[in-house]
Amino acid sequence: MADDYFGAMLVNVSSIELSIVNLKSGTQVERVKSTVAIGENIYNHEDIDFETVAEAAEALRGFLQIIKDYGVTHYQLWGSQALSSAPNAEFIRDQLYVRTGLHIEWLSWGEESFVRNEAVALKFDHYHHLVKHHAAIIGLNSGSTTLSFFAQEKLIASHNMKLGPVRIKEVLQDLRTTAPNPVDVLDDYINSKVDDFYRFLPADLQTVSNQVILIGAEPLNAYFIPQGAISAPLTLDDFNQFSREVAGASDQYLMERLHLTEENVELILPVVLLIKKLLTVVHAEKIQLVNLNVIDGLTTNQAIMAGYHKTAHFENQILASAEDLAQRYRV
């Protein structure tokens, strides 16, 4: 196949993904997802076991066969920041290399947020209109949440919080065995974490209303975004109705209503409670769900580096993030 094609593989806490993209046209020709949950226990500071790494290697060998079938010669394997924090992360790196020949490149939170924002800027039609005013991009990962604030098309601040759906799910599982009303306790837990995080933001960002671009909200994406589309508007009323329905529903009902697996249904309540709090603190006016994730950002970034998006100047976002970090630590 032509050199324009690239294969991106991403090992995350709860899945492994492959995306093969024509960098020149931006067309995705193949997307495969394995449900091997390699690191769901890392938030309890547990090692990733040998058998799970073997399953991940098997999935990656399958991806390599798909890449070979397409004739793609340029490809790369990345690992999420959350996975790199596992106590035996270097063991994972070594074992995946021995079993597949692939070198895993660990991503930082900043890199994940940056490439994902690149994908949103280039693939989401309403992006430039929204960031002309006050906008907040909320990006959910398994164990963290990133908030990026924009005004007049410039990145003002970007902060990461160690709170995500999988991490919250583990807290909920513990609460169900100890607390008489685990949902209320979990809600209080999320509120305290978000409030503590938010007070470190600049004072003007704590009061201004924002248009919200919400990324990584998988249960909402599957329910509200039409098949084949990458985005959909979501009113606050529709979200609140959805959250009320989820809060009082059984797992069986949610699996049938939202077409979810038994593993994914456990993430619904954590996602909804977290988003509900985040929409409140950013004073959300309108919401745009965007079904793009880190692997879309990685292929977009590869296209930019290959020179196919000459008008995209994302260096300013890097500089703005550096200045924001310096101000936070009074450098």
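These figures come from a predicted structure and were not determined experimentally.
Side chain of N210 to backbone of V282: a donor-acceptor contact under 3.5 angstrom is found. The main-chain N or O of K24 is found under 3.5 Å from a side-chain atom of N22 such that the two form a donor-acceptor pair. Side-chain N or O atoms of Y70 include none that pairs as donor or acceptor with a backbone N or O of I20 at under 3.5 Å. At distances below 3.5 Å, not a single donor-acceptor pair connects side-chain atoms of Q81 with backbone N or O atoms of E112. Remark: the backbone N or O of G110 is not paired with any side-chain donor or acceptor of S113 at under 3.5 angstrom. A distance-only check finds a donor-acceptor pair linking the side chain of H283 to the backbone of Q206 [under 3.5 Å]. No side-chain donor-acceptor contact under 3.5 Å links N141 to the backbone of G143. Of the possible polar contacts, none joining the D238 side chain to the L234 backbone as a donor-acceptor pair under 3.5 Å is found.
For the pair P233/K286, no side-chain contact is recorded, criterion being any heavy-atom separation below 4.5 Å from C-beta on. Using a 4.5 Å heavy-atom cutoff, the side chains of L18 and Y75 are not in contact. With a 4.5 Å cut-off on side-chain heavy atoms, T300 and L292 do not count as touching. At least one side-chain heavy atom of S158 sits less than 4.5 Å from a side-chain heavy atom of T146. The side-chain heavy atoms of L102 and L64, taken from C-beta on, include a pair separated by under 4.5 Å. Residues L77 and Y97 fail the side-chain proximity criterion, which asks for heavy atoms closer than 4.5 Å. No side-chain heavy atom of I168 sits under 4.5 Å from any side-chain heavy atom of L273. In this structure the side chain of S80 never reaches within 4.5 angstrom of the side chain of V294, judged on heavy atoms.
If you take CG on L23 and CZ on F6, they are separated by 7.0 Å, rounding to the nearest 0.5 Å. Rounded to the nearest 0.5 angstrom, I287 CD1 and Q211 CD are separated by 10.5 Å. How far CD of E46 is from CD1 of I48: 10.5 Å, rounded to the nearest 0.5 Å. In this structure, CD on E58 lies 11.0 Å from OG1 on T100, to the nearest 0.5 angstrom. Rounded to the nearest 0.5 Å, atoms CG (D296) and CD (E118) are 12.0 Å apart. Rounding to the nearest 0.5 Å gives a distance of 7.5 Å between OG1 of T145 and CG of N160.
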Evaluation steps, side chain to side chain contact (heavy atoms under 4.5 Å, CB included), between L298 and R116: CA-CA 8 Å; L298 292 168; R116 193 165 49 185; over 6 Å; no

Residues K193, V171; criterion side chain to side chain contact (heavy atoms under 4.5 Å, CB included); working and verdict: CA-CA 13 Å; K193 291 289 186 181; V171 174; over 6 Å; no

Steps toward side chain to side chain contact (heavy atoms under 4.5 Å, CB included) verdict (V281, D195): CA-CA 8 Å; V281 297; D195 287 341; 4.2 Å; yes

Steps toward salt bridge (Lys or Arg N to Asp or Glu O under 4.0 Å) verdict (D187, K277): CA-CA 9 Å; D187 199 30; K277 177 61 177 179; over 6 Å; no

Residue pair Q76, Q302: steps toward the side chain to side chain contact (heavy atoms under 4.5 Å, CB included) verdict: CA-CA 10 Å; Q76 173 66 46; Q302 199 70 28; 5.9 Å; no

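Only one option out of L186, L267, I268, V271 pairs with K169 in a side-chain contact (heavy atoms from CB on, under 4.5 Å); it is L267.
For A86 against I92, the heavy-atom pair with the smallest separation is CB-CD1, 4.3 Å. Between A157 and L205 the shortest heavy-atom distance is CB-CD1, 3.8 Å. Between L274 and V194, the shortest heavy-atom contact is CD1-CG2, 4.3 Å. For the residue pair F63 and M9, the shortest heavy atom distance occurs at CB-SD, 3.9 Å. Residues L236 and A284 come closest through the heavy atom pair CD1-O, 3.4 Å. Here the closest non-hydrogen pair linking S209 and H134 is O-CB, 3.4 Å.
A donor-acceptor contact under 3.5 angstrom links the side chains of Q252 and E256, judged on distance only. When only modelled atom types and interatomic distance are considered, N12 and S15 share no side-chain donor-acceptor pair under 3.5 Å. Side-chain polar atoms of Q28 and S19 form a donor-acceptor pair below 3.5 angstrom. A donor atom on one side chain and an acceptor atom on the other are found under 3.5 Å apart for Q65 and D69.
Under the 4.5 Å side-chain contact rule for hydrophobic residues, F239 and L254 share a cluster. L140 and F150 sit in two unconnected hydrophobic clusters of ILVMFWY residues. Membership requires side-chain heavy atoms under 4.5 Å apart, directly or through other members. Linking Ile, Leu, Val, Met, Phe, Trp and Tyr whenever their side-chain heavy atoms come within less than 4.5 Å leaves F124 and F149 in two separate clusters. The cluster map of Ile, Leu, Val, Met, Phe, Trp and Tyr, joined by side-chain heavy atoms under 4.5 Å apart, puts L130 and L278 in different clusters. Hydrophobic clustering (ILVMFWY, side-chain heavy atoms < 4.5 Å, transitive): I190 and V246 are in one cluster.
Using bins of under 30°, 30° to 60° and over 60° for the plane-to-plane angle, the ring pair F50/F91 lands in the tilted bin.
Less than 6.0 angstrom separates the ring centroid of F224 from the ring centroid of F242.
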